[in-house]
2 protein chains.
Amino acid sequence: MSVDSPRSRSRPGGRSERIREAVGAAVLELFRERQFAFGVADVAERAGVHRATVYRRWPTRGELIAEGLSSFFQVVSVPDTGAWASDVHALAQTLAHFFSDPVEIGVVSSLAADSDPRASEVIQRHWQPYVEAMIAMVDRAKARGEVEAGLSSGRIVEMLTAPFVMRTALVRIPVTDRQIREVADLVIRATADDRHP
Amino acid sequence: MSVDSPRSRSRPGGRSERIREAVGAAVLELFRERQFAFGVADVAERAGVHRATVYRRWPTRGELIAEGLSSFFQVVSVPDTGAWASDVHALAQTLAHFFSDPVEIGVVSSLAADSDPRASEVIQRHWQPYVEAMIAMVDRAKARGEVEAGLSSGRIVEMLTAPFVMRTALVRIPVTDRQIREVADLVIRATADDRHP
DNA sequence: TCCTTATTGCGACAGTTGTTGCAATAAGCT
DNA sequence: AGCTTATTGCAACAACTGTCGCAATAAGGA
């Protein structure tokens, strides 16, 4: 062992990068086509890469899924209409579609059954930007006095998202437009600032 | 083929029944001990039965899990205090514990990742009695005029359960007592009948 | 261009999963 | 008790999964 850490030179050159992208794309394609009924072997074949390569670079299933997600950003335009009620209705609609996406369902389902505790971190990282944007939306409404300031923004966001996650990934009964409206209305009622009716 | 359906006599006698129970118990034990990191082979070994027997009698994973669940009923005393607010707070507490049970988490996670569409039916059947009792609780409050009658009881129940399911089975961050209270308070605010303040 | 070495492909391996044919067992009936 | 046959155990099987050593390849620098 030499003193100055001999730190092996990384080599993120052309081929490795090409493989990264091919594998990530393969994961996404498979989620779309087969929901979550596929294995590492399928990913390797689809990417035109040897199984061993996939296992070496993505030791856990979570890392492999995360790789797929890294090039997958749904356009989640968190609304900012200036009014809490219309924001919530628009967001509920958006969320219902977001969680109906085969990739999203596949990711959620796969990671839910992953015994590796780090699997849940993958989901959290993936959702983080969306969650932050939604919390910001709640906070804007608080600033406008439309939402009672003492309520937990995190809990409000959970109350709006969790029902859709549960329905699409677990119960697997499609949500109707009416139900989307009902959820939004309940959230609006829950958050209304009593002093500004 | 004879004309009068020769309908093979069923034979639910001693041994078959004993095996049924042993396998069901094994499934529950394994959910408790290893959450959801176990396979059919483990179940068979634990039950003292040959793998092939398990595969023959419970062709799908869903049926196997359902067998375990058949002898597993958590005591979910849906509250009936006579007041909506205290009912909701008590129920939220109960639900948080209910979904923290290793068996419940294991079942949810396992079935979420099952590609067999009938897997979701297993969960629905398992939860049905609890859901019905909770809906009845909401309806009692409606009858008392504490909850706006026009609101969907099903949606209210989802709003109360979904956050806990998502947290325990997916995000895997334990819920704090404070968060339980926050969820309950939001549900109460959401459902309050305007005409009876 | 040539050299060093990180990374990939290849093939082999043990372990696991789900299936099947056949013989042994025991349930249900007379 | 004895007979019939549904059900189980057993063993072998192909398919799949994850790992490893080694040779081939190509990235990054001289």
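Only a predicted model underlies this, so the values are computations on that prediction, with no experimental measurement involved. By convention in this document, chain letters (A, B, ...) are assigned in the order of the sequence lines, proteins followed by strands, and residues within each chain are numbered from 1.
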* Asked: Looking at the rings of Phe31(A) and Phe72(A), which for Trp means the six-membered one, are their centres under 6.0 Å apart?
  -> no
* Below 4.0 Å: OP1/OP2 of dG9(C) and any side-chain N or O of Thr53(A) -> yes
* Asked: Should the pair Asp185(B)-Arg155(A) be classified as a salt bridge under the 4.0 Å nitrogen-to-oxygen rule?
  -> no
* Asked: Counting side-chain heavy atoms from C-beta on, which of dC20(D), dG9(D), dT17(C) comes nearest to Ala52(A)?
  -> dC20(D)
* **Residue mapping more 5' on DNA chain D - nearest nucleotide basis, Arg51(A) or Arg56(A)** => Arg51(A)
* Quick one: bend of the helix from dT1(C)-dA30(D) to dT30(C)-dA1(D) from 5 pairs per end, to 10°? -> 40°
* Structure fact -> Tightest non-hydrogen contact, residues Phe36(B) and Gly106(B), listed as CD2-CA, 3.9 Å
* Is there a side-chain polar atom (N or O) of Tyr55(B) under 4.0 Å from OP1 or OP2 of dG18(C)? -> yes
* Take atom CD of Glu17(A) and atom C1' of dT8(C), then tell me their distance rounded to the nearest Å. => 15 Å
* Over all atoms of both residues, closest heavy-atom pair of Ala119(A) and Asp114(A) -> CB-CB, 3.6 Å
* Asked: Taking atom C1' of dG18(D) as reference, at what distance in whole Å does atom CG of Asp114(A) sit?
  -> 15 Å
* To do: Among dT8(C), dT17(D), dA12(D), find the nucleotide with the atom closest to the side chain of Arg15(A).
  => dT8(C)
* **Thr168(B) side chain vs Phe99(B) backbone, donor-acceptor pair below 3.5 Å** => yes
* Asked: In whole Å, what is the span from the CG atom of Leu64(A) to the P atom of dG18(D)?
  -> 11 Å
* **Close side-chain approach of Leu186(B) and Glu182(B), heavy atoms under 4.5 Å** => no
* For salt bridge (charged side-chain N to carboxylate O under 4.0 Å, His left out), just list the numbers for Glu29(A) and Arg32(A), CA-CA rounded to whole Å, side-chain angles, deciding distance to a tenth of an Å, and then say yes or no. => CA-CA 5 Å; Glu29(A) 286 176 27; Arg32(A) 268 187 220 292; over 6 Å; no
* Take atom CD1 of Ile19(B) and atom P of dT25(C), then tell me their distance rounded to the nearest Å. => 15 Å
* **Contact list for DNA chain C against residues 35-50 of chain B - heavy-atom distance below 4.0 Å** => Val40(B), Ala41(B)
* Asked: Has Ser16(A) got a side-chain N or O lying under 4.0 Å from the OP1 or OP2 atom of dT8(C)?
  -> yes
* Does a side chain donor of either Gln128(A) or Gln124(A) reach within less than 3.5 Å of an acceptor in the other side chain? -> no
* **Arg167(A) and Glu158(B) ion-paired at < 4.0 Å** => yes
* **side-chain N/O Arg57(A) vs dT8(C) OP1/OP2, d < 4.0 Å** => yes
